Structure formats: structure tokens, C-alpha cells
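This is a predicted model, so every value here is computed, not measured.
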Amino acid sequence: MAKGKFKHKPTGERTFSSPEEIAAGTSADRPRTFKKQGENDVYDRRGEPEQEEESEDFAKPKYKGTEGLIEIENPNLVKPKNIKPKDIDIGKTTDMSRREREELEKQQSHEHYMKRQEQGKTEQARKDLERLTLIRQQRAEAAKKREEEKAAKEERKAEARK
């Protein structure tokens, strides 16, 4: 095991860049953020560095932290919606959410089913109508039977009086 503060390369040597290589920018270990010193310094007659004017087409927004490194769309990021009253389109209909659409479809299907139910076109309506006619027949027969029994009872009373 090698001892010491630094990890060594497999060859065991450590290489350093000379100040000339660093100034020339030819160093292999030079970070990408360093620029060559004489390349971007433009001076005007007074000796002050000249500001490069950026056109609006090429202007980049300033980012906080690491925002600008990766282009992402965060779906959780709430974007402020500042809409001026003059920009609002009154005639435009808003899109409904999935839940609202499903609720509306459910109500419409229920209304359609109830209309068919009233017309007697559904299975359940047919069964109900058959049951209803059967009950009406039974009640009519029961009423007829009671009338006959009542008439028979009155005849017996009339015979008993004589």
C-alpha cells in the first residue's frame, strides 16, 4: 500500500503543468471554465475593458444555482398565471378536467336510462310492467271474489230473515 496524502497514478508519478502551459491554455488538466487571458480582454482608448453588447436574440436568462445546466420541465413547478382582463377571451370555453367530464357523462347516461325506463324499453322496465300487470290481475280477482262473498253473505242474511 502506498502511503501519503495523495493517491498516485499507476506509474507512481505525479505531473504538474508549468505556468507557461497554464497561460497558453494547452494544459491537459486545465478546467473548462478558465479562459485564455489575452483572448477576451478588449480595451478601448481609455484603457477600460469594453463591454460586448449582446443582442436580444442571443440574450440568455440568468439562472439560480444549477438551473441552467440541464434543460428540464418540472411538472410540479407552478408557473405564475398573470392574465390581464383585456386579454381574457370570453367566448373561449375552458377544457373540463377528467373528473368533471366523467361526472357529466355519468349524469347524461343516467338521464338517458331514465327516459328509456319511462318508455318501457329497458329490461328492468319490462320486468316491472309484467309484475305490475300480474299484481293488477291478482287484485282484480281478489276484488271479484270479495264481491261474490259479500253477495253470498247478503243472500244468507236475506234467507235467514224470511
Subject >> Residues in side chain to side chain contact (heavy atoms under 4.5 Å, CB included) contact with K153, at least two apart in sequence or another chain >> reply: none

Original post:
With sequence neighbours excluded, what pairs up with E159 under the side chain to side chain contact (heavy atoms under 4.5 Å, CB included) test?
Top reply: none

Original post:
Of all residues at least two apart in sequence or in a different chain, which pass the side chain to side chain contact (heavy atoms under 4.5 Å, CB included) check with M114?
Top reply: H110

**OP:** Indicate yes or no for a side-chain donor-acceptor contact from R116 to the backbone of T122 under 3.5 Å, with no hydrogens or angles considered.
**Re:** no

Original post:
Of all residues at least two apart in sequence or in a different chain, which pass the salt bridge (Lys or Arg N to Asp or Glu O under 4.0 Å) check with R146?
Top reply: none

**OP:** Please list, chain by chain and in numerical order, all residues satisfying side chain to side chain contact (heavy atoms under 4.5 Å, CB included) with R161, sequence neighbours excluded.
**Re:** none

Original post:
If you round to the nearest 0.5 Å, how far is CD of E149 from CD of E154?
Top reply: 13.0 Å

Original post:
Would you say the side-chain atoms of E100 pair up with the backbone N or O of S97, donor to acceptor, closer than 3.5 Å?
Top reply: yes

Expected list for residues 123-135: side-chain donor-acceptor pairs under 3.5 angstrom, two or more places apart:
unit_1	atom_1	unit_2	atom_2	d
Q124	OE1	Y113	OH	2.9
R126	NH2	K121	O	3.0
D128	OD1	R131	NH1	3.3
D128	OD1	R131	NH2	3.3
T133	OG1	L129	O	3.2
T133	OG1	E130	O	2.7

Subject >> Carboxylate-amine/guanidinium proximity below 4.0 Å for E102 and R98 >> reply: yes

